[in-house]
A.B. asks: 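Can you read through this structure? Questions will come right after.
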Protein chains: 2
Amino acid sequence: MSDKTTRDHIVEAADQLFYQQGYEHTSFSHIAETVKISRGNFYHHFKTKDEILNAVIGVRLENTRRMLSQWENEEKTPVDRIRRFIHILITNRAKIKHYGCPVGTLCTELAKLNHPAQPEARRLFTLFRTWLSRQFEKIDHNADADELAMHILARSQGVATLASAFSDQKFIKQEVKLMDEWLNAYVKGKI
Amino acid sequence: MSDKTTRDHIVEAADQLFYQQGYEHTSFSHIAETVKISRGNFYHHFKTKDEILNAVIGVRLENTRRMLSQWENEEKTPVDRIRRFIHILITNRAKIKHYGCPVGTLCTELAKLNHPAQPEARRLFTLFRTWLSRQFEKIDHNADADELAMHILARSQGVATLASAFSDQKFIKQEVKLMDEWLNAYVKGKI
DNA sequence: GCCAAGTTAGGACAATCGTCCAAGTCACAA
DNA sequence: TTGTGACTTGGACGATTGTCCTAACTTGGC
């Protein structure tokens, strides 16, 4: 807990703030205030704001990888694993209602800013995409697993966007149920 | 064409720029540069930046209403009308690939800024939502039309988000095809 | 106890932000 | 012809932005 370096604290605070208020709208002063350090202290750890963004994307990538491999261990069948993915919408529904999906909203913002970190941010999506794709492949080797992965990914994104726009948690549960049914129907048709 | 007032030009330019680079990232200087007027001239037409945003949302609402009633006239069956909605993804695929959905990305940004115009922006979604809901009601009076409308809306949003994140137009066509099939299956089951 | 390296604080910096204002231009009514 | 009101200009304003710098502090090896 307390063996975290200042750098870690900065990245952690930036991670939260970028999610809750967006990258551009989060200023150095705001991060400094949260971490309770001087504004000038930043430039000993990071040269630019973009460098902080890269660090944030880095830890998000690592956390995502860890989460996916944990799901891989805890859920024994590919169908259960995909279901586990679908249900993060439920798990994170409170935050999603307020701030949307951390991955989707970041990619959307960086696209508008035409920011050089776009490819790095996209890797967060790619992580889920390839992981889901591998699960679908295990279900049916002849299926176009990547298309199915993108399909699930897109539906999750849409749910997060609308749940946030309408501040509606019930809608999340509604759509998760539909996605579960879709997955069951798919499995029944293929196995 | 040339009978547009300066105010109209400002709103028009702001509309495009808010879509392409986001609301916060678009500055007065940038709009002024585009319209080719002095920066100071703004405050004869608008008191604050938020007022411009409200005007932009206003014209978007009006344009959307006009578009929906046009679809209502051109397409004679509710199914054709819903299909028409689905296919704006194809029509606007080039811009969606770059900037995502104009409605979804605006609502997402305003949510992060905790901006007072959030309810106004949400009305853009509501317009589509109630229109789609009415179409579904015409297909089947016993259906939960609103759930179906939200479902289609969410899937469109997801497609736009991922198409932008991956700069992938082909994915749009792929998913539109799936949505068409979903609609056909639904109609076949209910009629 | 001392020095070097790593870390921090606080403020200076140029640029840009949204906002506002005084002066000027223009068209048209009296 | 003159006066009036709508419109436009260019710049000033205070605040805030990301960036950078210097001086002070802390720490560990000698």
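Because the structure is a prediction, the values reported are computed rather than measured. In what follows, every chain begins at residue 1, and chains take the letters A, B, ... in the order their sequences are listed.
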A.B. asks: Among C/dT8, D/dG11, D/dA6, which nucleotide has an atom closest to any side-chain atom of A/H44?
C.D. replies: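 Selected nucleotide: C/dT8.
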A.B. asks: C/dT8, OP1 or OP2 - any side-chain N/O from A/H45 closer than 4.0 Å?
C.D. replies: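 Yes, such a contact exists.
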A.B. asks: In this structure, how many angstroms lie between the P atom of C/dG18 and the NE2 atom of B/H30, rounded?
C.D. replies: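 Result: 12 Å.
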A.B. asks: Rounded to the nearest 0.5 Å, what separation is found between the CG atom of A/N41 and the CZ atom of A/F46?
C.D. replies: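 Result: 10.5 Å between the selected atoms.
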A.B. asks: Figure out the NZ/P separation between B/K36 and D/dT9, and round it to whole Å.
C.D. replies: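 So the NZ-P distance, B/K36 to D/dT9, works out to 12 Å.
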A.B. asks: Tell me yes or no: between the side chains of A/S164 and A/K97, is some donor less than 3.5 Å from an acceptor?
C.D. replies: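 No, A/K97 and A/S164 have no side-chain donor paired with an acceptor closer than 3.5 Å.
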A.B. asks: Are OP1 or OP2 of C/dG18 and a side-chain N or O of B/T48 less than 4.0 angstrom apart?
C.D. replies: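 So the side-chain polar atoms of B/T48 never come under 4.0 Å of the phosphate oxygens OP1 or OP2 of C/dG18.
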A.B. asks: Between atom CG in B/D8 and atom C1' in D/dC7, what is the gap in whole Å?
C.D. replies: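 Nearest whole value for this atom pair: 15 Å.
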A.B. asks: Look at B/N41 and D/dC7 and indicate whether a side-chain polar atom (N or O) is within less than 4.0 Å of OP1 or OP2.
C.D. replies: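 Negative; the distance criterion is not met.
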A.B. asks: Between A/R39 (side chain only) and A/S29 (backbone N and O only), is there a donor and an acceptor less than 3.5 Å apart?
C.D. replies: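 Answer holds: no.
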A.B. asks: Heavy atoms from C-beta onward define the side chain here; which of D/dG18, C/dT8, C/dT19 lies closest to that of B/F28?
C.D. replies: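 Nearest nucleotide to the side chain: C/dT19.
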A.B. asks: D/dG18 C1' sits how many Å from A/L53 CG, rounded?
C.D. replies: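 From A/L53 CG to D/dG18 C1': 14 Å.
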A.B. asks: Quick one: on DNA chain D, does B/I37 or A/S29 contact a more 5' nucleotide (nearest heavy atom)?
C.D. replies: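 Per heavy-atom nearest nucleotide, the more 5' residue is B/I37.
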A.B. asks: Does A/Y43 put a side-chain nitrogen or oxygen below 4.0 Å from OP1 or OP2 of D/dT19?
C.D. replies: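 So the side chain of A/Y43 is within the cut-off, an N or O lying under 4.0 Å from OP1 or OP2 of D/dT19.
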A.B. asks: Take atom CD of B/E33 and atom P of C/dT16, then tell me their distance rounded to the nearest Å.
C.D. replies: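 Computing the B/E33:CD to C/dT16:P distance gives 11 Å.
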A.B. asks: Nearest nucleotide by nearest heavy atom, which residue falls closer to the 5' end of DNA chain D, A/K47 or A/S27?
C.D. replies: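 The residue closer to the strand's 5' end, by nearest nucleotide, is A/S27.
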A.B. asks: Send over the distance from A/R39 CZ to D/dG18 C1', rounded to a whole Å.
C.D. replies: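 In whole Å, D/dG18 C1' and A/R39 CZ are 9 Å from each other.
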A.B. asks: Atom CD of B/E24 to atom P of D/dT17: distance rounded to whole Å?
C.D. replies: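 Answer to the nearest Å: 10 Å.
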A.B. asks: Quick check for you: to the nearest 0.5 Å, what is the distance between B/R93 atom CZ and B/K170 atom NZ?
C.D. replies: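 Rounded to the nearest 0.5 Å, the CZ-NZ separation comes out at 13.5 Å.
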A.B. asks: What's the CD1-C1' distance between A/I31 and D/dG18, to the nearest Å?
C.D. replies: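 My rounded result for the distance is 11 Å.
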A.B. asks: Salt bridge or not for B/E137 and B/R134, using N-O below 4.0 Å?
C.D. replies: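 Between B/R134 and B/E137 there is no salt bridge, as every charged N stays at least 4.0 Å from the carboxylate O atoms.
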